[in-house]
Undergrad: 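Have a look at this one.
All values reported here derive from a predicted model rather than from experimental measurement. Residue numbers begin at 1 in each chain, while the letters A, B, ... track the order of the sequences.
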Amino acid sequence: MAEYDPQAIERKWQERWGAERAFEADADPSKPKYYVLEMLPYPSGTMHMGHMRNYTIGDVVARYRRMRGFHVIHPMGWDAFGLPAENAAIQRGIHPREWTNTNIESFKRVMHRFGFSYDWRREISTCEPEYYRWNQWFFLRMLEKGIAYRKRSRVNWCPKCATVLANEQVVNGCCWRHEDTPVESKDIEQWFFRITQYADELLDTLKQLEDGWPERVLTMQRNWIGKSRGARVRFAVEGMAGTSIEVFTTRVDTIYGASAVILAPEHPLVDKLLGDAGANTVHAATLQKMRQASVKTADIEKAEKEGFFVGRYAVNPFNGEKIPIWVGNFVLMGYGTGAVMCVPAHDERDFEFATKYKLAIPIVVQPSEGKQFTPETPTAAFTEYGKSVNSGPYTGFTSEKANEIMTADAEARGFGKGEIIFRLKDWGISRQRYWGTPIPVIYCDACGMVAVPDKDLPVVLPAMAKFSGVGQSPLASVPEFVNVKCPKCGGAARRETDTMDTFVDSSWYFYRYADAHNDKAPFDPAKARYWLPVDQYIGGIVHAILHLLYTRFFCKVMRDLGLVNHNEPVQRLFTQGLVLKGGTAMSKSKGNVVGAEDMAVKYGCDTGRLYTLFAAPPEKDLEWSEQAIEGCARFLQRVHKLVSKHAEWVNTQRTEVAPGQAFELASLKEKALLRKAHQVLRRVTHDFETRWHFNSAVALLMELVNEIQKAEPLEEGVRPEEARKVFELLTLMMAPMVPHLAEELWEMLGHTGGTLARAGWPEFVAELAAEDQVEVVMQINGRVKGKVSVEAGLDREELVERVKSDPKIAKLLEGVRVVKIIAVPDKLVNVVAG
RNA sequence: GCCCGGGUGGCGGAAUGGCAUACGCGGGGGACUUAAAAUCCCUUGCCCUCCGGGGCGUGCGGGUUCGACUCCCGCCCCGGGCACCA
């Protein structure tokens, strides 16, 4: 009897799976497909148990689906472009490609070691020209459709680095590499994807995902898109003919309560309104400060509201009233029109501002019922809907009605109109970085901006020797790259030197998996039609907005290009919890990582897989515990021992039984074991199928093993062929979670020469699972007083009789006045006493 | 401030209207051993007990129900996300 040697077993089966191409599947319309996808990793440093948990969950699902007869696609690849590679180059002098490829090799080695059932033929790496040329291809298609465009835009700028910083690179308002250097804001030309063109649809089709995506992810996306229905209203500026200010409001019904118009500090009219004389210098410093402050939203978090009167008045178009024009730091240029009407009585921010600067607080809405809002010493704004008051001809209408009529009137009278605006902004994709996809555009002095023709793709990233991290786009310093002939006129021209945001890479990669080596197109639409959309996507909640929104946007663009025929790329999304150690998420920077490979060396990967599945349900965070792992290792040893001990007996002995006699002969012990096995099967199947509570599935398997061990010695009272059935059920149920050990047990049980990878999931047999005796609980007034064992399936009356006639129960019922009896067959009898 | 999660033994967690604490970890006791490790067995919510048993118990307070960890209302605490979005 061999000892459990996880290293040897795991190597053996990984080799076997490879030799049998066990996890490869090709499009075959005659078979039902299932696409299981884990978010592709950014290969940085070493793979830790946080990554591992994600892939384990995916692997269990993939293996389970295969056993259920699906044609499963389960691919893996690398999000290989990105900043860390470039930083490694700057700090350590290693080329980003070399650093990235080393990490990929390391990740891949560990993934193999964990036995994840990927179809490696489909592997992609986003930093390879074979992949990123299709980013460029998509860019060109979007350029043709006007979805890709260029405009000036504000960015974070470090004057010392002379480069653009991502929001994450701004620390306390300063550059992450120059902590004493405040970040400036700067307007530069940037490339954008017009995602706002799809804003309404991106919001709308979230409905189709309601059954498959976590509610909170849908909510986050809805909030991010931020659709807002309101009105745009024009206020004339008094004394400046032809100048007016447009405000956006969702509460045009409160316009009679406006006591000011407030502009964002960056609003283009501010300087004009201030004029070039005294006023400008008085407020110049304040204005400058406000404009600086608004670069990074986190910095203005709790900033106090500040503002100043610009010295001019606006005219309320509804009642002709003159109200002062102010500049306020809380008004955002990037939202709506960059100007608001200030209605202090009915908006909290306006209330705060008006209180500070002693502006009037006219009340124009009263609650429809209940206590009226009083003007003396108001302490808060009334922001709910109610009834209009003091609103001229609109007085008396409900807020809803007033909104409707006033919007229509504004439009009829020519100073406003109903409008829907979105919080979502266009996606800025330009990065002044080296390690990314070159943007395939050429600038010619004669022809202007010229798209690189398809035949010239890919625009290959040049090999670079030096990375200083200082200066503009690194590519600008490579003359061989920059200097190019204009594709139109053949004259001297320059290439675009910005690269694309890496979120572009990950927006469509799982379509490429369907046809990873196509060199004519990003993928063959026919193959995509078979495999996509993704049936089950698994990843971290961190990607709830950006990645998942961008990928939904790409799907719609691809649909409009005729490449795909569905509206949503991902049917079901599962967001797994973090792996914590010492209460915080494992991460290299925190220094609390448990390396996945170390884990596999110490305990074997099956133990590692089992632990991450058993320690918590997959959506919850999981605290790393070395002691609990030992428990999982012990369990697997116990199972190995149990099966190997009986393997010979089970394989060689046969009891001669005439057909049809089997059930008669079955001993109580046999029946009990098979019953337990099928009860476990029913619940494990349920856990796999609907709830994904792998932790309770593991617990059930442990129960089954405990039950078998209690029945030892099996040879007494159990026939070998019946024991085999129990062992086989156990093995098959373990297979998705601890596949290597399961294969080994399967082989011990006499199934030589194949693999479990395509074995069928066992069939549940209700008759075998059925109990013939059940414990029924006896309650008096809902309190448990005793238990009675009765035959299963008794109806209510029989059950009550049986329970009543139990001597112990009968005694308890003496002298009790019975009001009512509740009986639940096979469960309980509750006597309600008076 | 708003929006999600969540609160159950010493710990991770199970139970979605019907025996609260399955399964695992840890603890206690025992067997084996010269001894230890490993393994195996018993035990393990709290309180009272005349050792028969009895009472209390799922963050707190109320409600619905024959019966509530589970459903409803109101609070408290913890974690996460968003945060001047007009």
Side-chain angles (χ1 to χ4, degrees), chain A residues 214-220 222-224 226-228 230-231 247-252 254 262 264 294 297-298 300-305 328-332 334-343 346-350 352-353 383 421-425 541-542 544-545 577-578 580 583 585 610-611 614-617 619-632 634-635 637-638 641 683 691 693 695-706 709-710 712 775-787 819-824 826-833:
Chain A
E215 182 56 39
R216 61 176 174 153
V217 175
L218 297 176
T219 307
M220 283 163 91
R222 282 194 187 103
N223 292 341
W224 188 264
K227 184 173 180 169
S228 204
V247 303
F248 176 78
T249 175
T250 54
R251 291 295 301 273
V252 69
T254 64
I262 310 176
S294 53
T297 45
I300 54 164
E301 237 173 62
K302 274 288 163 200
E304 195 175 332
K305 289 189 177 36
N329 64 342
F330 68 100
V331 180
L332 307 173
Y335 186 75
T337 60
V340 299
M341 61 182 200
C342 175
V343 185
H346 306 292
D347 181 282
E348 276 166 30
R349 295 152 301 173
D350 295 347
E352 201 186 312
F353 192 76
T383 59
I421 63 166
F422 292 91
R423 184 185 170 279
L424 181 71
K425 297 204 192 70
I541 186 75
V542 276
I545 298 173
L578 301 169
L580 312 175
L610 189 71
Y611 172 71
F614 180 57
E619 71 277 8
K620 280 185 71 174
D621 289 351
L622 180 164
E623 177 67 38
W624 192 255
S625 157
E626 202 70 19
Q627 282 171 333
I629 295 162
E630 301 276 358
C632 290
R634 268 203 291 275
F635 172 68
Q637 274 154 18
R638 233 154 29 99
K641 198 165 161 186
R683 294 176 60 193
R691 313 189 314 162
H693 278 197
N695 57 329
S696 61
V698 174
L700 287 162
L701 296 179
M702 287 174 169
E703 277 186 36
L704 176 58
V705 171
N706 290 345
Q709 286 192 318
K710 274 196 204 110
E712 293 271 38
E775 284 232 307
V776 166
V777 173
M778 159 70 187
Q779 296 179 331
I780 295 178
N781 287 336
R783 308 197 64 89
V784 178
K785 293 292 172 185
K787 293 164 196 175
V819 176
K820 183 156 79 158
I821 296 179
I822 313 279
V824 182
D826 294 349
K827 285 247 170 72
L828 64 76
V829 173
N830 184 16
V831 177
V832 185

Undergrad: Where along nucleotides 43-52 of chain B does protein come under 4.0 Å, by heavy atom, of base (B) or sugar-phosphate alone (S), with - for untouched nucleotides?
TA: ----------

Undergrad: Give none if rA31(B) has no partner; otherwise give the nucleotide forming a Watson-Crick or G-U wobble pair with it, both distances under 3.5 Å.
TA: rU39(B)

Undergrad: Atom pairs, N/O to N/O, protein against nucleotides 65-71 of chain B, distance under 3.5 Å?
TA:
from	atom 1	to	atom 2	distance (Å)
rC66(B)	O2'	N830(A)	ND2	3.4
rC66(B)	O2	N830(A)	ND2	2.4

Undergrad: Could I get the full list of side chain to side chain donor-acceptor pair (under 3.5 Å) partners for N706(A), not counting sequence neighbours?
TA: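 In terms of side chain to side chain donor-acceptor pair (under 3.5 Å), with neighbours along the sequence ignored, N706(A) is linked to R638(A).
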
Undergrad: Mind checking R683(A) for me? I need base, sugar-phosphate or nothing, with any heavy atom below 4.0 Å counting as a touch.
TA: nothing

Undergrad: Output all residues satisfying ring-ring contact (aromatic ring centres under 6.0 Å, His included) with F248(A), sequence neighbours left out; order by chain, then residue number.
TA: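 In terms of ring-ring contact (aromatic ring centres under 6.0 Å, His included), with neighbours along the sequence ignored, F248(A) is linked to no residue.
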
Undergrad: Taking the six-membered ring of F330(A), is the NZ or CZ of K305(A) close enough (under 6.0 Å from the centre) and on axis enough (within 45°)?
TA: yes

Undergrad: Going by the rule side chain to side chain donor-acceptor pair (under 3.5 Å), which residues pair with E630(A) if we only count those two or more places apart in sequence or in a different chain?
TA: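 Applying side chain to side chain donor-acceptor pair (under 3.5 Å) to E630(A) gives Y603(A).
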
Undergrad: Could you give the distance separating rA38(B) and rG29(B) at their P atoms, to the nearest angstrom?
TA: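 Looking at atom P only, rG29(B) and rA38(B) are 16 Å apart.
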
Undergrad: Report the C-alpha separation of R423(A) and N223(A) in whole Å, then their side-chain angles, then the decisive distance to 0.1 Å, and conclude whether the side chain to side chain contact (heavy atoms under 4.5 Å, CB included) test is met.
TA: CA-CA 8 Å; R423(A) 184 185 170 279; N223(A) 292 341; over 6 Å; no

Undergrad: Identify whether any heavy atom of D350(A) sits under 4.0 Å from a base atom; if not, whether one sits that close to sugar-phosphate; answer base, sugar-phosphate or nothing.
TA: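 It contacts nothing in the nucleic acid.
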
Undergrad: Show each protein N/O and nucleotides 54-57 of chain B N/O combination with a separation under 3.5 Å, one pair to a line.
TA:
from	atom 1	to	atom 2	distance (Å)
rC56(B)	OP2	R783(A)	NH2	2.9

Undergrad: Under 4.0 Å between a side-chain N or O of S228(A) and OP1 or OP2 of rA86(B)?
TA: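 So the side-chain polar atoms of S228(A) do come within 4.0 Å of the phosphate oxygens OP1 or OP2 of rA86(B), strictly under.
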
Undergrad: Please work out if G226(A) contacts a base, only the sugar-phosphate, or nothing of the nucleic acid, heavy-atom cut-off 4.0 Å.
TA: nothing

Undergrad: Measuring from the side chain of V340(A) (C-beta onward, heavy atoms only), which nucleotide among rC3(B), rA86(B), rU39(B) has the closest atom?
TA: rA86(B)

Undergrad: Please state whether the phosphate of rC85(B), meaning OP1 or OP2, lies under 4.0 angstrom from any side-chain nitrogen or oxygen of N223(A).
TA: no

Undergrad: Does the rC84(B) base have a donor-acceptor partner in the side chain of K305(A) within less than 3.5 Å?
TA: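 In this structure, the two groups form a donor-acceptor pair.
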
Undergrad: For rG27(B), does the glycosidic angle fall within 90° of 0 (syn) or outside that (anti)?
TA: anti

Undergrad: Should R222(A) be listed as having a side-chain N or O under 4.0 Å from OP1 or OP2 of rC4(B)?
TA: no

